[in-house]
Amino acid sequence: MISPPIADGLNEKQQQSVVLSEDVNALILAGAGSGKTRVLTHRIHYLVSEKNHHVDDILAVTFTNKAANEMKERLTNLLRQPIGRMWVGTFHSLAHRLLRTHPLEVKLSPTFQILDSQDQFRIVKRLMKENGIDETKFPIRKVQWFINQQKDEGILPQNIDAGYNFFVKQSAKVFDLYEKHCQANDLVDFAGLLVKSYELLKNNQNLLDYYQKKFCHILVDEFQDTNRIQYQFIKILHNQNNHVFCVGDDDQSIYGWRGARVENIQKIENDFKPIIVIKLEQNYRSTGNILSASNALIAKNQNRLEKSLWTESGDGDLINIFNARTETQEAQYVVSEIENHFNQGKNLSECAILYRSNAQSRVFEESLIKRNINYRIYGGLRFFERAEIKDAMGYIRLAENISDNIAFERVVNFPTRGIGISTIEKIRSHAVENHTDLFQSSIAIIESLPARAGNALQGFIHLIEALIDSTKNLTLSEKVDSTLLQSGLMTHYANDKTDKAGSKRENLDELVTAAKQYVHENESEMNETQGFIALATLDSSGESNQSSQESVQLMTVHSAKGLEFPVVFLVGLEEDLFPSRQSKDEPHLLDEERRLCYVGMTRAMQSLTLSYASRRFLHGQSFYSLNSRFLDEIPKSFLNYIKNPNSDYTTTAYEDVKSSPQKMVSTLSSSIYSIGQVVNHAKFGHGTILNYEGSGDSMRLQIKFQKAGTKWLISSYAKLEIV
DNA sequence: ACCAGGACAATTTTT
DNA sequence: TTGTCCTGGT
């Protein structure tokens, strides 16, 4: 029916999806590893080369920059034409582009700035302080979270019905203040990009007509991750004459806590009629056992759009289960297994350690360092979120747009130049009273300041003016380089003797490289510098498709979504950790945990090991733990229990200990110590035994010393004297 | 302006 | 336990 190259290497269902008629909407339920990105890119290829659509007729939306970049790259190869300004990108970047094209229609100036979450935090904090809202009762993080939640739902402050909930009431008040602040200061946060884009289309019929007509085809990746405002955005762009093509997998919905609505994937069948649903169920990634075990696990969830994945590849190895005594032993086991794989010729980068929470990474790091194995950890502060980078960007932003108040506040006294809080307060209030920006206010009030503060501020003003003047004709990277020097940031870190200064200097150098690598699109609504500034906020990773080196990959299961590895260790499968304590009592949260576990398992291509520890040190305390219920939900026939050579008790024995505290005491009483007993330590002096763990030589005692505080000591080393 | 020490909290994370 | 943030002292 269709000629290669469109059908090239696609299975029947994939082909069907790709060549679907142009008259229907489509929902492609694409299971893990079923080649969904392939289908998406080939669909576009088909529309362009067979149906003679121009690339500009197509809108393709993803969630992450990574996915967007990958799609762009694949399309460039497939279409063999530059995709230039094609509308491919994240929801946020596309919304941003819309707003940059039509800022006035939503009461923004053409130079409006985007707030990242740090900036947002600071603003919320200041507003709360100014309005006397007690941040100990209403933690700023929670209020910020609340605000974003509302915005993701498309809810405005005036539409919140707080009822008797005091937290909601106060948060709604802050929300209102915050929205007004943003409006007055020409600021848009991440959620705001979407909210405003939606409003733009809703309130401007001619624009809506234009874009509905322009985008003949709207393709959405990872549809299960859409939140309400994103759904509305897609829905409003859709009319009788254009069509949506959505790809998603309800079993991989793991961002519900962030506002993603799995229901959207079900709603789509009613809201976008006529629609054709196609399931992609052939998996090209994992071996039979891995797949069957994953299928069995996810089958425990209710309300699924049932799919059952299958594979043509053989059963492969069984899934290994390892029960470690402690988290340290778990790490040692995993690392020694990685060494084995390495010795058998596997590349380190083919091995991944996946965990539920970032705090778990440390033990693995320590173990890897000990054995001298390269590793890479994902997570933590990203490049453009680092303080030194944000400072540098602050100067660049201020030089580009003198009324960028966020940037002004960031750099006005960093590196410190004697401009104190009181001076800044004066600048702020002048700005508010005169409806002008902080920079103009500074110039205006300088005469009225005490000599010292005045001089300091004058110095800053001259610095910025000189910066603007001297960099205006430079290329972007020269501009960045020169800004680093003129601002004094480089000197500041050169004089800084603390151990972190070196890496900060390296990061700043890296910023120059990032500027060099930045590719600006010529017909953009922005100039090159503005484009670079926007990129820094909208894609803070700062990664330019660099290949991962020869190193073991450590990351949370969340960040592993969309990736695959030949060898996977999914660790910490314990009750209260995975599923997490906060989720286990609520059915819909527990289901999401199960999906998360499913996502983790289905990352594995050939080898999958699940591990858990019977005792774990967390938040400075040791806890006994039960194996995760998810392990019990996988049929035994797929599992291979690894014998633990160092285990001094079996699972059942320890469960006895865990389930009845009395037993702990009775076990303890067989040793020479008992809880409540007073002992003497050579160094710490007198103390009382509060608790204990383990037995024999490895027994550890928790002792509250009169002077030295509470400590955990190993009984065989501690040389305790019973008093 | 800067640092030490205390209080406090600690899933998941994109944009 | 670790990191972060705030405070109070110098």
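Every heavy atom of this structure was used, including side-chain atoms; hydrogens, water molecules and symmetry mates were not. In what follows, chains carry the letters A, B, and so on, assigned in the order in which the sequence lines appear, proteins first and then strands, with residues in each chain numbered from 1.
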By ring pair (Phe, Tyr, Trp, His ring centres under 6.0 Å) - contacts of A:Phe91 (at least two apart)
A:Phe63
Could you list all the salt bridge (Lys or Arg N to Asp or Glu O under 4.0 Å) pairs where at least one residue sits in residues 86-95 of chain A, not counting sequence neighbours?
none
Ring pair (Phe, Tyr, Trp, His ring centres under 6.0 Å) filter on A:His558, not counting sequence neighbours, yields A:Tyr255, A:Trp257
B/S/- along nucleotides 7-15 of chain B (protein heavy atoms under 4.0 Å) is ---BBBBBB
Counting primed atoms, P, OP1 and OP2 as sugar-phosphate and everything else as base, the B/S/- map of nucleotides 5-10 of chain C against protein heavy atoms under 4.0 Å is -S----
Of all residues at least two apart in sequence or in a different chain, which pass the ring pair (Phe, Tyr, Trp, His ring centres under 6.0 Å) check with A:Tyr198?
none
Looking at residues 219-229 of chain A, who's got a heavy atom less than 4.0 Å off DNA chain B?
none
Run the salt bridge (charged side-chain N to carboxylate O under 4.0 Å, His left out) test against A:Lys426 and tell me which residues pass, sequence neighbours left out.
none
Apply ring pair (Phe, Tyr, Trp, His ring centres under 6.0 Å) to A:Tyr518 and list each qualifying residue two or more places apart in sequence or on a separate chain.
A:His520, A:Phe532
Whole Å only: how far is the CD atom of A:Glu365 from the C1' atom of C:dT2?
13 Å
At under 4.0 Å, does any side-chain N or O of A:Arg362 touch on OP1 or OP2 of C:dT2?
yes
Partner set under side-chain contact (heavy atoms from CB on, under 4.5 Å) for A:Ser580, not counting sequence neighbours
A:Arg356, A:Gln582, A:Ser583, A:Glu593
Can you tell me, in whole Å, how much space there is between the P of B:dT13 and that of C:dT4?
16 Å
Considering residues at least two apart in sequence or located in another chain, which fulfil the side chain to side chain donor-acceptor pair (under 3.5 Å) criterion with A:Tyr493?
none
Which heavy atom of A:Thr537 sits nearest to which heavy atom of A:Ile533, and what is that distance?
OG1-O, 2.9 Å
Checking A:Asp591 now: which residues fulfil side-chain contact (heavy atoms from CB on, under 4.5 Å) with it, not counting sequence neighbours?
A:Asn301, A:Arg594, A:Arg595
